[in-house]
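Everything on this sheet refers to the single structure shown next.
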Amino acid sequence: PTACNGWAEIQGAYRFFDNEKVTAEKVLAPHGQATVDRIRAHRLVCCIEDTSELDYTGHPQTAGLGPLNYKRRRGLYLHPTLAVTPDRLCLGVLAHHMWVRDDVTHGDPTPRKARAIEDKESIRWVDGYRGVLKLAADLPDTKLIYMADREADIYEVFVEAHESGNRVDLLIRSMNDRSLAGGTKLRASVGQAPVLGLVEFDLPPRDKQPGRHVVQELRAVRCTLKASKRKGNTPKLPNVTVTAVLAREKNPPAGVEGVQWLLLTTRLATTLAEAEQILELYLCRWQIEIYFRILKSGCTIEKLQMETLERLKPALALYMIIAWRVLFVTMLGRQYPNLPCDVVFATEEWQAVYIVTKRKPAPNKPPSLSAMVAMIAQWGGYTNRKSDGLPGPKTIWIGLQRVKDFARGIAAQKDIQGRTCVE
């Protein structure tokens with residue numbers, strides 16, 4: 001309601017989301033095409049997938065929802081694919097999948113291994129890779145990397161990459177200690193590989209533990225995974241060869257679990273530089289966690305009261321674009337600080353922010369993007385001191401909400417002045 005100009009616009013918005021012709025797919029389609037166009041300007045892009053549950057237990061009036069981790073919690077699941085550059089600039093949402101669990105089949109006692117992959121929710125990871133593979137055919141000058149966390153450590157995903165000739169590389173964090181074709185185990189094999197070198201970084205405070213300086217040893221080994229067995233009439237799966245990269249903390253503090261990542265990729269890593277690049281690429285995956293935070297805390301999508309799932313889905317799609325813009329502005333201002341701010345902001349937006357912040361008329365030439373982002377973030381709580389870091393998404397999403405108010409105020413003032421002159 002605060003984004004609408006009065007009750008008439010609010011009613012129009014609800015009618016829009018209630019229109020059966022308005023779907024999440026149609027809302028996101030133009031944004032998806034614009035995302036592909038942005039990808040064309042880059043030689044390497046990470047396609048990052050993850051899943052987040054959307055909890056609407058507090059809105060029992062919303063029809064069409066299903067159980068989450070247990071039946072009393074109600075909501076749905078969102079599984080987007082983000083396009084992110086190695087510099088962590090999010091280019092947009094490439095695809096998405098929303099689904100609701102069925103009340104009848106939720107908690108099905110049938111063992112997971114007895115069910116075909118097509119009958120499991122985990123098929124979304126295979127479908128996600130297939131979607132990126134299809135996209136790669138239209139982007140011959142851009143190398144795509146499919147990236148996901150441990151939940152995507154599913155053997156069928158590796159088979160899809162293998163059978164495609166690795167046209168889209170995989171980079172997945174390992175969850176399972178898989179058997180290798182030679183009879184050994186994955187973790188033992190990579191753990192015995194020679195150390196390629198060291199990487200160092202400062203770990204910020206977390207989980208009530210103080211921050212510390214972390215030194216990790218990097219190891220990498222090329223290995224062939226033994227095919228997982230599937231019951232029934234499923235064709236026998238082939239063995240697949242991947243690179244395992246292990247980053248393990250050296251000498252962690254006593255009583256503290258060391259920082260460790262085991263990554264599986266179709267890319268090669270025979271040198272320290274190649275292993276470091278794989279590790280750096282995987283760290284880009286954190287952008288989708290920030291994206292979910294913006295969606296939930298910034299856009300407060302779990303507070304939407306749309307009454308039906310059919311209305312909720314296109315509303316979520318619209319907020320997915322808004323959340324992307326917040327993340328895009330945050331990172332674009334860091335990567336390209338000297339760009340003019342009108343590459344992102346409309347004239348009335350940046351001029352209104354400048355006038356309210358600086359308390360003087362706006363210049364003819366738009367300020368730099370970094371200067372405008374800092375001004376907007378100040379209205380979200382960013383202090384902009386020399387000792388401060390760059391503004392984060394929270395201060396920017398709060399500040400962006402103020403931008404429209406400033407623009408309205410300036411427009412209203414001009415309208416009053418114009419009418420006064422006429423009178």
Side-chain angles (χ1 to χ4, degrees), residues 44-52 79-86 88 94-95 97 112 117 120-136 143-181 185-187 189-191 193 216 218-228 230 237-248 259-269 274-289 291-292:
L44 181 65
V45 172
C46 303
C47 300
I48 306 172
E49 286 195 351
D50 204 356
T51 303
S52 184
H79 184 86
T81 305
L82 298 187
V84 179
T85 70
R88 306 184 190 185
L94 282 171
H97 176 46
R112 288 181 54 81
I117 184 69
K120 302 176 185 177
E121 290 181 1
S122 52
I123 188 64
R124 67 189 185 275
W125 303 103
V126 180
D127 289 339
Y129 180 82
R130 289 170 178 167
V132 176
L133 196 63
K134 183 179 179 180
L135 177 65
K143 181 64 176 177
L144 301 179
I145 301 176
Y146 176 89
M147 189 181 300
D149 204 7
R150 288 176 289 189
E151 196 175 354
D153 183 8
I154 299 168
Y155 196 75
E156 282 81 357
V157 176
F158 296 101
V159 172
E160 288 288 330
H162 170 75
E163 293 182 344
S164 73
N166 297 327
R167 287 193 292 116
V168 170
D169 278 322
L170 288 177
L171 181 49
I172 295 174
R173 188 176 179 187
S174 171
M175 178 172 63
N176 305 302
D177 189 13
R178 297 187 176 278
S179 298
L180 302 183
K185 286 292 209 178
L186 172 63
R187 296 184 187 276
S189 179
V190 68
Q216 286 183 317
L218 270 185
R219 292 177 168 87
V221 66
R222 194 73 173 164
C223 54
T224 300
L225 305 180
K226 185 178 179 180
S228 298
R230 296 292 183 257
L237 300 175
N239 294 344
V240 296
T241 300
V242 298
T243 299
V245 177
L246 176 64
R248 183 163 58 193
V259 179
Q260 178 175 301
W261 300 296
L262 177 56
L263 309 177
L264 300 179
T265 179
T266 51
R267 297 169 72 89
L268 296 176
E274 290 172 337
E276 283 182 323
Q277 184 186 39
I278 289 171
L279 183 60
E280 284 295 323
L281 285 172
Y282 182 76
L283 294 178
C284 296
R285 199 204 67 84
W286 189 247
Q287 294 303 301
I288 201 167
E289 302 289 352
Y291 179 75
F292 283 140

Can you tell me how far the CE atom of Met175 sits from the CD1 atom of Ile154, to the nearest 0.5 Å?
7.5 Å

Would a 4.5 Å heavy-atom cut-off, applied to side chains only, mark Arg178 and Tyr155 as touching?
yes

Pair Arg150-Ser174, side chain to side chain contact (heavy atoms under 4.5 Å, CB included): steps then yes or no:
CA-CA 5 Å; Arg150 288 176 289 189; Ser174 171; over 6 Å; no

Walk me through it: do Tyr282 and Thr265 pass the test side-chain hydrogen bond (donor to acceptor under 3.5 Å, both in side chains)?
CA-CA 10 Å; Tyr282 182 76; Thr265 179; over 6 Å; no

CZ/Arg219 to OG/Ser189 distance, rounded to the nearest 0.5 angstrom?
11.5 Å

Spacing of Ile48 atom CD1 and Ile145 atom CD1 [to the nearest 0.5 Å]:
9.5 Å

Any side-chain heavy atom of His79 sitting closer than 4.5 Å to one from Glu49?
yes

Minimal heavy-atom distance between Val190 and Ala244, with the atoms involved, is CG2-O, 3.7 Å

So, for Arg167 and Leu133, which heavy atoms are closest and what is the spacing to 0.1 Å?
NH2-CG, 3.5 Å

Might you work through the side chain to side chain contact (heavy atoms under 4.5 Å, CB included) test for Leu44 and Leu281, ending with a clear yes or no?
CA-CA 10 Å; Leu44 181 65; Leu281 285 172; 4.1 Å; yes

Report the C-alpha distance between Leu186 and Leu180 in whole Å, list the side-chain angles of each, state the deciding distance to 0.1 Å, and finish with yes or no for side chain to side chain contact (heavy atoms under 4.5 Å, CB included).
CA-CA 6 Å; Leu186 172 63; Leu180 302 183; 4.3 Å; yes

Search all heavy atoms of Leu237 against all heavy atoms of Ser228 and return the closest pair with its distance.
CD1-O, 3.8 Å

Going by heavy atoms in the side chains, are Thr51 and Glu121 under 4.5 Å from each other?
no

Begin from the C-alpha positions of Cys47 and Leu82 and carry the test side chain to side chain contact (heavy atoms under 4.5 Å, CB included) through to its verdict.
CA-CA 6 Å; Cys47 300; Leu82 298 187; over 6 Å; no

Does Leu94 reach the side chain of Leu135, with side-chain heavy atoms less than 4.5 Å apart?
yes

Ignoring hydrogens and angles, tell me if any N or O in the side chain of Tyr146 forms a donor-acceptor pair with the backbone of Trp125 under 3.5 Å.
yes

Working to the nearest 0.5 Å, report the span between CG of Leu225 and CG of Leu264.
6.5 Å

More than 12 heavy atoms from other groups under 6.0 Å of NZ on Lys134:
no

With side chains defined as the heavy atoms from C-beta onward, is the minimum distance between Met147 and Val84 less than 4.5 Å?
no

Donor-acceptor contact present, side-chain Tyr129 to main-chain Val168, <3.5 Å
yes

Between His162 and Val240, which heavy-atom pair has the shortest distance, and what is it?
CB-CG1, 3.5 Å

Taking every non-hydrogen atom, the tightest pair across Pro86 and Cys284
O-SG, 3.6 Å

Is there a donor-acceptor pair closer than 3.5 Å between any side-chain N or O of Asp50 and the backbone N or O of Glu289?
no

Separation of Glu151 CD from Arg173 CZ (nearest 0.5 Å):
13.0 Å

Heavy-atom distance under 4.5 Å between the side chains of Ile172 and Leu263, does that happen here?
no

Can you tell me how far apart NE2 (His97) and CD1 (Ile123) are? Round to the nearest 0.5 Å.
10.0 Å

Any side-chain heavy-atom pair of Thr243 and Glu274 under 4.5 Å:
no

Can you give me the closest heavy-atom contact between Ala269 and Ile278, atom names plus distance?
CB-CD1, 3.7 Å

Exam field: side chain Thr266 to backbone Leu170, donor-acceptor pair closer than 3.5 Å
yes

Partner set under salt bridge (charged side-chain N to carboxylate O under 4.0 Å, His left out) for Glu276, not counting sequence neighbours:
none

Do Asn239 side-chain atoms and Ala227 backbone N/O form a donor-acceptor pair below 3.5 Å?
yes

For Arg130, does its backbone N or O pair with a side-chain atom of Glu160 as donor and acceptor, under 3.5 Å?
no

Go through the steps for Asp169 and Arg267 under the test salt bridge (Lys or Arg N to Asp or Glu O under 4.0 Å), then give the verdict.
CA-CA 6 Å; Asp169 278 322; Arg267 297 169 72 89; 3.4 Å; yes

Looking at side-chain heavy atoms only, is the closest gap between Leu279 and Val245 below 4.5 Å?
no

